[in-house]
Structures are given as structure tokens and as C-alpha cells.
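Before any comments, here is the structure.
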Protein chains: 2
Amino acid sequence: MTTPERASTWTIAELAEEYGVTHRTIRHYEELGLISPERRGTVRVFHRRDRTRLALILRGKRIGFPLEEIRTIIDMYDETPGEAGQLTYLLAQIAARRADLEQRRADIEQTLRDLGDVEARCRTDLRALRRTP
Amino acid sequence: MTTPERASTWTIAELAEEYGVTHRTIRHYEELGLISPERRGTVRVFHRRDRTRLALILRGKRIGFPLEEIRTIIDMYDETPGEAGQLTYLLAQIAARRADLEQRRADIEQTLRDLGDVEARCRTDLRALRRTP
DNA sequence: AGCATGCTTTACGTTTACGTCAACGTCAAG
DNA sequence: CTTGACGTTGACGTAAACGTAAAGCATGCT
């Protein structure tokens, strides 16, 4: 027998709770077209696909991307094959995003090194203070 | 003899040009207290220290930090030794920033992996198209 | 039936990070 | 001495990313 077939749909409140955002935030993402939940009458019904996209949006936000750029990125994930021109364009987009991400990573690593220096100085100063209180 | 003793001060226009920002941006950073150039009369005179801080600000921006957080970060760099409590607090701040940066790096690396997947699918689709044009 | 709960839309408010005039000072060159 | 070329201070504008009421359905419990 298969898994108990848990509905695998969510209300806006459930998703908001789970990801620690407000319902307003989720609606905002829908207004921008980043997610498009099913409508049952007037009420929103979120599927696994919407959950995934929400998770990707939040990851993009943690990285620091603006929402519009996040859309172009996550839209790449479920892009339908399409024609050759489309695919080539997509490859160019990927290259551009990759360059951006690698720059960010380099900046982060440099900052981590700098923080390491500050910490070292800090600990040295502390030891000096302990010797001459 | 020493180096030709190049003034090692800059005008706002020179710094803006060099770093590819507008003078308005630099003034904005000054308003927020991220840099505090010398004043010769009414006019701003930027020293090496200001240049360095500007570079750090822009790096922070590339990473995606808000300006207020950037200030707390770069203020850590030229924090005066001070007393033990200060130093301990500074160490805690460093730990927090480090955790944040490492989270961002992890998100970036996951996104890079995801983009790699998309790219692979993309190239597969392209090859398929070339076999059946 | 009545009321509380949860979802919905509408719409104005807020914060961040500057952009964009406007209006004025200043200093060297013509 | 006037004309640029830069510099300065307001001060209002704007785009992004939501916050925050306000007010209306729908439903289910009591």
C-alpha cells in the first residue's frame, strides 16, 4: 500500500506558518507571479509545486536577490524544453546567474577571512587584558 | 627617497568615478554615518580610510546586506581595543555575522548546483533537437 | 439563528536606497 | 568680472517589499 495519501495541499496560513512568513508576503509573491496557487472558488489552494517555489523564493531572498530576479531564476527550473533559440537563451541566462553567484561567493569568503582577522585581534586583546587586569 | 607622495586624498567625483557610483550614493552613505570624510571648509576630502570603507560598503552590498548591517560590520574592522565587555560583545557579533555568511554561502552553492542541473537538461534537449531538426 | 474563524480583496502606509531637480557657493581661466 | 566646472545642501520622488487596517464572504460550531 502507498503513503496514506495526505491531501498534499495547503492553505495560505499553513504555508505561512511553515515558512515563517505572513500571508501578506505570500500574496505579494502571487501578485508578482512568482507562485500561482489553484483557486477553489475564491480560496487559494497550494500544491507541492507552490511549496517548492516558495522555498526557492526564500532561498533567493536569503542570498539577496530581488524578487524579479528570483522569478527569472526559478522560472528556469521548470522551463519547458521549447525550441533551440529558447534553449540557447536559457543557457546564456544560466551563465550570467552563475557568474553573479560566484562573485557573491567570493565576496562572502573574503568577508569571512576579514572577520577571522578581526576575531584574532580581538582574542589577542582579550588575552592582554587578562594578563594586566 | 620615498614614494612621490601622491596626495592620497580624493574628491567625491574621483571616488564616485573609481567605484562606479554617483555622488548622491556617497553622500547617502555619509548621511548614514558609513563614511565620514574630512571637511575642508564645506568641501569633502576623502582619505585612504574612506576609500577602504567605501570598498567594504560596496562589497557588503554585492553580498546583499542592508546598509545598516554593513555599518555594524565595517565598524567592527576599526574598532578600538576597549574593555573586556566590549571585546566579548564584538566576538559575539562576529560569530553572528559568520553564521549569516555561511548560510548565504550554502544557499549560493545549492543554487549553483541547481543551475548545473538545469544546464545539463538544457544541453541534453539541445542535442536531441539537433538529431531531429 | 448567531457568532467566531479563517480567507479574501482593496487600499493606503512604511522602510530602504538611492534618483532627481533646484538653488546656491567657489575657484581658476579667459 | 563673468563663465564654466565642480562642489554643497535641501527637498521631493520613486521602486521594491512588504505592513497594516478596513471591510466583506463562507463556513462550521453552539
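Reckoned from all heavy atoms, side chains included, excluding hydrogens, waters and symmetry mates. A note on names: the letters A, B, ... follow the listed sequences, proteins ahead of strands, and every chain is numbered from 1.
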*What is the per-nucleotide protein-contact pattern of nucleotides 6-17 of chain C, from the 5' end, where B denotes a base atom under 4.0 Å from a protein heavy atom, S denotes such proximity for sugar-phosphate atoms only, and - denotes neither?*
-SSBBB-----B
Could you pull out all residues at least two apart from [X] that satisfy side-chain hydrogen bond (donor to acceptor under 3.5 Å, both in side chains)?
X      : answer
B/D78  : B/R49, B/R53
B/R127 : none
A/E18  : A/R51
B/D50  : none

_Partner residues of B/D107 under the side chain to side chain contact (heavy atoms under 4.5 Å, CB included) criterion, sequence neighbours left out_ = A/R59, A/R62, A/I63, B/Q103
*Not counting sequence neighbours, list each pair that qualifies as a side chain to side chain donor-acceptor pair (under 3.5 Å) and has a residue in residues 83-92 of chain B.*
B/Y89-B/Q93
*Tell me, please, which residues at least two apart from A/R113 pass salt bridge (charged side-chain N to carboxylate O under 4.0 Å, His left out).*
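Partners of A/R113 by the salt bridge (charged side-chain N to carboxylate O under 4.0 Å, His left out) criterion come out as none, since no residue qualifies.
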*Which nucleotide span of DNA chain D, 5' end to 3' end, has atoms closer than 4.0 Å to non-hydrogen atoms of chain B?*
D/dG7 to D/dA11
